[in-house]
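Notes for the one structure printed next.
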2 protein chains.
Amino acid sequence: MLDAMDSAADAKRVTLAQVAQRAGVSVMTASYTYNRPSRVSEQSRAKVLAAAAALGYAGPDPSARSLRRGSTRTLGVVMGEHLSYAFEDPQAASFLAGIADVCAESGYGMTILPITGADDDVSRIQSAAVDGFIVWTTSDDDPVLGAVRAVRRPAVVHGGPEVAGLGLVSIDNRAAARAVGTAAFAGAGRPAVVSFPLSRDRISTITRGPDIAGATFPVTRQRLEGYRQAAEDIGIPWSDVVVAVCAHNDAAEAEQATAALLSGTHAPDAIAAMSDEQAAGAIRAARAAGRTVPSDVAVTGWDDAAVATQLGLTTVAQSLREQGAACAHAALGHEPVPPAAAWSVVTRASTRS
Amino acid sequence: MLDAMDSAADAKRVTLAQVAQRAGVSVMTASYTYNRPSRVSEQSRAKVLAAAAALGYAGPDPSARSLRRGSTRTLGVVMGEHLSYAFEDPQAASFLAGIADVCAESGYGMTILPITGADDDVSRIQSAAVDGFIVWTTSDDDPVLGAVRAVRRPAVVHGGPEVAGLGLVSIDNRAAARAVGTAAFAGAGRPAVVSFPLSRDRISTITRGPDIAGATFPVTRQRLEGYRQAAEDIGIPWSDVVVAVCAHNDAAEAEQATAALLSGTHAPDAIAAMSDEQAAGAIRAARAAGRTVPSDVAVTGWDDAAVATQLGLTTVAQSLREQGAACAHAALGHEPVPPAAAWSVVTRASTRS
DNA sequence: CTGTTAGCGCGTTCAA
DNA sequence: TTGAACGCGCTAACAG
């Protein structure tokens, strides 16, 4: 009965062997028709394609092909535990676009691995049918990193942390922070920082000279180190620098934090943020508090996004898109991981210097 | 020699069989350790995990598992030929976030299939190792649609076109356009439209009463039909309605197009756009031309994005995130495709009524 | 240009 | 609770 139904009309699962049989050729000829068409005579090819059409065969099964070839032709991207974050953050979007560019031209797919922060993250990594991994910046203690390393496939981390056995694509955050911090703090007496979270608990605080070494997000840590250096360069000890740690990269939260800073007794006259979004929030708060930028308070951002141009923000320019592409090339084994990505400080009207 | 190297230190490709052998159990026991841990004695499980650790075995091979199970636990998303577009458009980002939500909670991966517009798009679809497809709105004649249908896996189209055999998740664009168009055109004598492209060639033009039926992007077509209806409702024939067709969904291009409309001899006093981005561009152009919104020219957007709140735009509210989730559920076979997604007109200060 | 052989690594079957 | 055999669907490596 089953055999009787197993005809073209039903065709739940048509195999290459069935196609070959119907076409009156060997399975290999059918396989070649799909994989090396030039190695098959015009005649055979036509017969195979006709049989495939008749049976409703849509091409070789991708899983079987992957198993046989030992390659999935797909790259895995791990974007951190905020699912939506990946798509809502414009910088992350540029990064993904860079990966997509390379995948498209290489004929690769791009699998976004949803990470939830729960224990099963590790098994999601293990069971991902991908040839290589790209990990968006995370904390030193993220278990995902161990899982990615354990599967022994090519893998690259963007931003940090640096993990033995995995590549790293990043700018020199410390140097860039020192440079843009120098612009932010020029002529200032009370420099402040609006920061990304220090660790995965994402606690918001306002403190002076927080412990930098204890921060487990390496990108945050390195930028704080750069800002500390910039403060010390103008003779301000880190313990005098007020740092508003925000839970998320978000204009609204940065605005609130900046408002708090400015209403305090030791209101800053210079603010180095960690993103243009945060800087935009800081500027809004400054204006709401009746301050003029940059004369009353200088502000710097990071990333040189569209909003930076609009607001005339001094900021760090880097190409997340190129970095995404570099990660993809490295994960594909096309190119070695480049030593360090390019960055520059773009000086605009939001700083004094 | 090869055997000598095939030890834990090298361990290029460790199989479950090797793990089982080293653990002194059968392959099945090892398999159960990973797939049905409860069916294996504590002892055996420990032995298997120890052997796995010793050999550097990272878990069952995903491709082999997919082949055997007949399921990849991955959903494919087809986002159209602009690779970066998917990530740069905030609406598309929300949509992807909705899909990601569902994939995360279902333990599924999410593969973005890079579409280039070239002939190999079809083969990319065919060779995608996914259990189902979600197709972002495209044109009636997009070859991707045929390819998706041909693979006979669950598939959903968002927005349109409606394809036999594929599900459709969309709002009623025609009804929504008529409703928001009515708000836009209230009290107007010279209504105009700023439109998405009509077809895949993405030609920009400014014409009166363009041929609606010839538009191959169904979403554009349906919205134009709604706008025509809204114009006719106030006694203006479609042939008198000026339509600026933009190549892309982009504030800058809409601004330029609106500037052209307003400088013409028959300057509009009401503009219905197809996105909030476009509406934002239209408002900028109107102000630059010395017009007041809405008294000189009313403007409406679409999507109720953040910019709509900022600008006080009358617009169509819909949740792309929920629609993304609905697509994912349908593609997973969890739920049937819902009949039609919810929408509403949000009236703000950019219209007269 | 075409066919034969031999698995890729795993998990479902059935038996013990 | 565990084991042995088999095949998921396909393609690399060889002949012919």
Side-chain angles (χ1 to χ4, degrees), chain A residues 2 6 11-48 51-52 55-73 123 126-131 151-153, chain B residues 6 11-48 51-52 55-73 123 126-129 131 151-153:
Chain A
L2 264 171
D6 207 354
K12 225 28 181 174
R13 193 117 190 159
V14 188
T15 71
L16 194 54
Q18 291 168 41
V19 172
Q21 190 182 350
R22 190 181 224 271
V25 299
S26 80
V27 188
M28 268 323 292
T29 301
S31 177
Y32 281 147
T33 300
Y34 289 95
N35 296 301
R36 308 239 198 290
S38 60
R39 285 197 171 178
V40 168
S41 71
E42 189 69 30
Q43 266 188 19
S44 302
R45 232 188 44 173
K47 281 194 291 187
V48 169
L55 294 172
Y57 179 75
D61 179 87
S63 297
R65 189 192 277 222
S66 297
L67 173 60
R68 184 60 247 224
R69 291 200 296 216
S71 150
T72 60
R73 296 193 171 281
S123 73
Q126 288 172 343
S127 63
V130 301
D131 292 348
V151 297
R152 298 169 181 240
R153 274 169 268 174
Chain B
D6 208 356
K12 224 32 180 171
R13 193 116 190 161
V14 188
T15 72
L16 194 53
Q18 290 169 40
V19 173
Q21 189 183 350
R22 189 179 224 271
V25 300
S26 80
V27 186
M28 264 324 296
T29 302
S31 177
Y32 279 147
T33 300
Y34 288 96
N35 297 302
R36 308 237 197 292
S38 60
R39 283 193 173 178
V40 167
S41 70
E42 189 69 31
Q43 265 188 20
S44 302
R45 230 188 45 173
K47 280 194 293 187
V48 170
L55 293 172
Y57 179 72
D61 179 88
S63 296
R65 193 198 281 233
S66 297
L67 173 59
R68 191 58 250 232
R69 290 197 299 219
S71 152
T72 61
R73 296 192 173 281
S123 73
Q126 288 172 343
S127 63
D131 292 347
V151 297
R152 301 169 179 236
R153 272 168 271 175

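Naming: A, B, ... by sequence-line order, numbering from 1 per chain. In what follows, every heavy atom counts, from backbone to side chain, and hydrogens, waters and symmetry copies are set aside. Please read all numbers here as calculations on a predicted model, not as lab measurements.
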Taking side chain to side chain donor-acceptor pair (under 3.5 Å) as the definition, give me every residue that meets it alongside B:Ser63, ordered by chain and number, with sequence neighbours left out. none
Short side-chain N/O contact to C:dG3 OP1/OP2 from A:Thr29, under 4.0 Å: yes
Distance check needed: D:dG16 P versus A:Arg39 CZ, whole Å only. 17 Å
Rounded interatomic separation in angstrom, taking CZ from A:Arg45 and P from C:dT2: 11 Å
Please examine the side chains of B:Asn35 and B:Arg65, heavy atoms only from C-beta on, and report whether any two atoms are closer than 4.5 Å. yes
Please enumerate all residues that pass ring-ring contact (aromatic ring centres under 6.0 Å, His included) together with B:Tyr34, with sequence neighbours excluded. B:Tyr57
Among all residues two or more places apart in sequence or in another chain, which pass the side chain to side chain contact (heavy atoms under 4.5 Å, CB included) test with A:Thr15? A:Ala17, A:Gln18
Apply side chain to side chain contact (heavy atoms under 4.5 Å, CB included) to A:Ala58 and list each qualifying residue two or more places apart in sequence or on a separate chain. B:Val151
Has B:Ser44 got a side-chain N or O lying under 4.0 Å from the OP1 or OP2 atom of D:dT1? no
OP1, OP2 of D:dT2 versus side-chain N and O of B:Ser41: anything below 4.0 Å? yes
Within the 4.0 Å limit for protein heavy atoms, which parts of nucleotides 9-16 of chain C are touched? Write it as a string from 5' to 3', B for base, S for sugar-phosphate only, - for none. BBBBB---
For residues 37-46 of chain B, the salt bridge (Lys or Arg N to Asp or Glu O under 4.0 Å) pairs (sequence neighbours left out) are B:Glu42-B:Arg45
